[in-house]
Amino acid sequence: MKERLKEIKQEALDRIQSAADEQSLQDVRVYFLGKKGQITEVLKGMGKLSKEERPVIGQLANEVRDEITEALESKKAKLEQVALEQQLQEESVDVTLPGRPVNMGGPHLLRKVIRDIEDLFTSMGYEVAEGPEVETDFYNFESLNLPKHHPARDMQDSFFITDELLMRTQTSPVQARTLRKHDGQGPVKIICPGKVYRRDTDDATHSHQFTQIEGLYVDENIRMSDLKGTLNVFAKHIFGEDRSIRLRPSFFPFTEPSVEMDISCKICGGEGCSVCKGSGWIEILGAGMVHPNVLEMAGFDSEKYTGFAFGMGPERIAMLKYGVEDIRHFYTNDIRFLKQFHGV
Ligand code: 2U9
């Protein structure tokens, strides 16, 4: 039995030595030390031994068991150490490698143009006013001198939600609301940027949703010359000091008289070219003196107060300033288009 125990010990130690993972160690433990293991098998034969031999074999069996257990523990610790080192090796970070480039975002071109215009007007004392995109028929049309069935409504075919509610076709209702809040007391000096909606077929120059910026200045003694001076400052600030403006008579229901403003063509300097379609001028915006009906409807005394208003489409401003040939580029978010304007 002594010999058998020695064999068991040697065999166990060899298998522990060559074990490559924890599962193999566990198998070894069960095979040699388990309830039905090799040592137990040997001890079953103890009954046949003499009284003297029994404690000797018992002690030897215990020693073998202890040695195997110790070898198992130490091999287990070694395997864990190797696994840890391997993990550290695999997960090590090479701090000398160059960093991954960070993709920097930036404001959308349209947002930048709107911000430029806002900054200019706020520097001249205007406040930025905003209002709902779902409007009442009253604020969107009637309060702006466009009663029901007025033919000028046809130019602003809209998305109606009910008979009285629609997606606003212009930002003018924001001015009308702000005027009302002032209870007939001037001055009111505001600029209203925002999204507007029209039932239109999208193409290179039309979109069913676009942006507008409208301005309004109501006070005592506001004159057409104030409007012209303000628009001149605006045009030169946005397009360059070398550009000049001209006003042409026009019609809007909410202003009287009404004008459209052109700027001189940069390409031909006024000579006439394909960009300005031969005229030397490019249309930029509409404007006029606020119609007395509009002032009265908003609670202002039109004998005491006068005012000017103007409206423009930031898309058009951006297209002319940066040479964008299709309005749809602003909304389709092709990163190649947007990236061109980082930093402008
Ligand atoms: C109130 C009184 C007057 C706003 C004005 C225009 C002229 C105009 C268009 C230009 C291109 C809009 O984006 S566009 O289609 N706008 O020509 N807008 S005067 O007049 C107002 C507004 C509100 C209470």
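Counting starts at 1 for both ligands and their atoms, following the listed order.
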Donor-acceptor list for residues 181-193 side chains, cut-off 3.5 Å, not counting sequence neighbours:
{"from": "His182", "atom 1": "ND1", "to": "Thr178", "atom 2": "O", "distance (Å)": "3.0"}
{"from": "Lys189", "atom 1": "NZ", "to": "Met124", "atom 2": "O", "distance (Å)": "2.7"}

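Under the 6.0 Å cut-off for aromatic ring centres, Phe300 and Tyr305 qualify, their centroids lying closer than that.
Aromatic ring pairs are classed by plane angle as parallel below 30°, tilted from 30° to 60° and perpendicular above 60°; the pair His108 and Phe330 is tilted. Between Phe252 and Phe254, the two ring planes are parallel [angle under 30°; tilted spans 30° to 60°]. Ring geometry for Phe251 against His150 counts as parallel: the plane angle stays under 30°, on a 0 to 90° scale with 60° as the upper cut.
In this structure, the side chain of Thr230 engages the main chain of Asp226 through a donor-acceptor pair within 3.5 Å.
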Pairs under 3.5 Å, nitrogen or oxygen of ligand 1 with protein nitrogen or oxygen:
{"from": "ligand 1", "atom 1": "13 (O)", "to": "Gln212", "atom 2": "NE2", "distance (Å)": "3.2"}
{"from": "ligand 1", "atom 1": "18 (N)", "to": "Glu214", "atom 2": "OE2", "distance (Å)": "3.3"}

